[in-house]
Each structure stands twice: as C-alpha cells, then as structure tokens.
*Asks:* 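Just dropping this structure here.
Counting convention: from 1, in listed order, for ligands and their atoms alike. Basis for what follows: all heavy atoms, side chains included, without hydrogens, waters or symmetry-related copies.
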Amino acid sequence: MPPKKTTAPPGDTVTRFAPSPTGRLHLGHAYSAWFAWAQAAADGGRFLVRIEDIDQGRCRPEFEDGIIEDLAWLGLTWETPVRRQSDHLADYAKALDGLKDQGLIYPCFCTRKDIAAEIAAAGNAPHGPDGPLYPGTCRTLDPGLAADRMAAGEAFALRLKTDAAMVRTVPLAWIDLDQGSQTARPELFGDVVLARKDTPTSYHLSVTLDDHLQGVTCVTRGQDLFDATHVHRLLQALLGLDTPVYRHHDLLTGPDGKRLAKRDKAQTIENLRADGRSPAKVWEMAGVTAEAMP
Ligand code: GLU
C-alpha cells in the first residue's frame, strides 16, 4: 500500500514504529517500519521509533540493541531519543490515577484459571477480538474487601469499567485513512486490563498515552491491531488525549500462507543479513519497490 496523505499539513505528520524487544525483527516488522517511515517521508514529516518493553519477562536489552541495529542497517533514519516505555512508568501511573479518580477502574484478582472456569460455567460467554470477554467477577467486589486483599499483598490487575466509561463519553469515532470513518466500539473488548499483575501498565494504556505524549499524528500498524483502536479511542476521550488518524497495513505471510512470527527465524533481518542479502534485497523480499526504499 502506498503512503496516503494524512489530514495534517505537509511537514506536520508524525509517525512511529513501535516494536516490542521480545525477539529480532523479521520481514513483517521491516515492512511495518517502512510503512510508518514512508508515510512520514511522503508528507515531509517526522518518523519515530518507540521500544515497547513493558513485558519485562519477555523483553531483552539485546533484542532492543538488535532491533536498532537492523533498522539502521536497512537504511532507515528516525528522530532521537528513542522512547523506551519501561523508562516512563510514572506517566502510566498518573493516567491510571486519573481514571481511578473518575471511578472507572477496579482491581481484579482473578487468575487465568479463575476466568476460564467462570467462562466455562457461564456456557455461552461473549467473545471479543482477543477471545472470551472477562466475565466481570471482581467488578462487584466489596471495595473494603478488595482493599484488604491488596493490603495483604495479593496480586491484582486493574480493569476499566468499559460500559460506565462509555456512558461518560459522547459516541466516539476515529478515522482510518484506508477504511474510512469508524464508530468506536470498545465494548467489543469488555473490561480491558489497563495495568497487568506483573507490570503497572498494559499495551492499551501505554500505547495510547505514548502516541499522545510523542505527538504522533498518524498511527500506522498491522491490521491485527485494527480492533484495538476502538479501546484506544475511548482511552483518549477519558484521558483528554489527542486522536491521531490511523492506517492498518496488511500482514506479510510466509510460504505456508501464515503471518510471519518471531519464531520464523529464517526470515529475521539478522539471518538474512548473515546469509549475505543486501538491504535492497531485504526490502524487495518485504514487498517494498525500488523507488520506495529508504
Ligand atoms: N508493540 C506492538 C507490537 O510489537 C505494536 C504496537 C502498536 O503499533 O500499536 O506488536
């Protein structure tokens, strides 16, 4: 897909590539990085790289270094400094406090097993883009009891009271430059987690806040994250954040027709490079035409 003009005046477009350092980049990531870079380049705008490393159990500094090395080898240039999410936990905590003050979040002590059991018992549980919706077990916990469990050191996540949050906002919409105006449907995801048990934020919260704090005007990412935008639009309204425009690109697939994943080692930029491929060859393999390469 070629870059589209965003609604921002030329030169004001800000895009970003936001990889998680849980492995090395593969061709699909290279395409995604190019897509964001090309969108900014088409408008004479700015391209940022952001390291999404809130999952401290899976992220590794050596993968972060490798990602930066691969992007530079591919000939991409971006603005520095690179924002690393784990350096900004205080920003996410402040946003959570704001939502807490609005009475829109609650602690959830459920384990995966508890949730699975509850869903099985319910029979026909509603499903969303990420699977069955949280059945709301902890939503009605007595606040005093919940406070006691937290004080006793029991692990808890923080969830959004999505339907209460939607009542507080007017009907929301967002623009996908390829697919047109979308009505936000955050209810598809139910009460999403905004802070995980193992880390004091979540993908949805940190990505939405960072895009605002970094002044991103056009969010580009894979089609697999299209539905997540419904949640992000609601968070923007609740937290008073700017709403960028969006583009969701198709995902690259391997010879088996399945989308590329970090386990497909043969397709990593590191291995293609070690096999003697040039940056131009790697771009070609990622489906980027010669005239569109960086
Ligand atoms: N960090 C996410 C990933 O690696 C991308 C987040 C986004 O672009 O919104 O899949």
*Asks:* Check whether any N or O atom of A18, backbone or side chain, sits under 3.5 Å from an N or O atom of ligand 1, and answer yes or no.
*Replies:*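 Yes; at least one N/O pair falls below 3.5 Å.
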
*Asks:* With the threshold set at 4.0 Å, does a side-chain nitrogen-carboxylate oxygen contact exist between D224 and R259?
*Replies:* yes

*Asks:* Which ligand 1 atoms does Y203 reach within 4.0 Å, using its non-hydrogen atoms?
*Replies:* 6 (C), 7 (C), 9 (O)

*Asks:* Using a 4.0 Å cutoff against the non-hydrogen atoms of E52, which atoms of ligand 1 qualify?
*Replies:*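 Per the distance check, 1 (N), 2 (C), 5 (C), 6 (C).
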
*Asks:* Could you check whether F35 and H248 have their ring centres less than 6.0 Å apart?
*Replies:*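 H248 vs F35: aromatic centres not under 6.0 Å.
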
*Asks:* Name all residues meeting the salt bridge (charged side-chain N to carboxylate O under 4.0 Å, His left out) criterion together with R58; count only those two or more places apart in sequence or in a different chain, and write none if there are none.
*Replies:*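 Residues passing salt bridge (charged side-chain N to carboxylate O under 4.0 Å, His left out) with R58: D55.
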
*Asks:* Check each of L96, L205, T208 against L239 using the side chain to side chain contact (heavy atoms under 4.5 Å, CB included) test, and report the only one that passes.
*Replies:* L205

*Asks:* Relative to ligand 1, is Q85 under 4.0 angstrom through side chain, backbone, both or neither, heavy atoms considered?
*Replies:*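 Neither part.
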
*Asks:* Run the numbers for me: atoms of ligand 1, each under 4.0 Å from some heavy atom of R16, listed by number.
*Replies:* 7 (C), 8 (O), 9 (O)

*Asks:* Are the charged groups of R273 and E270 less than 4.0 angstrom apart, N to O?
*Replies:*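 No, R273 and E270 are not salt-bridged.
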
*Asks:* To the nearest 0.1 Å, how far is atom 10 (O) of ligand 1 from its closest protein heavy atom, and which atom is that?
*Replies:* L225 CD1, 4.3 Å

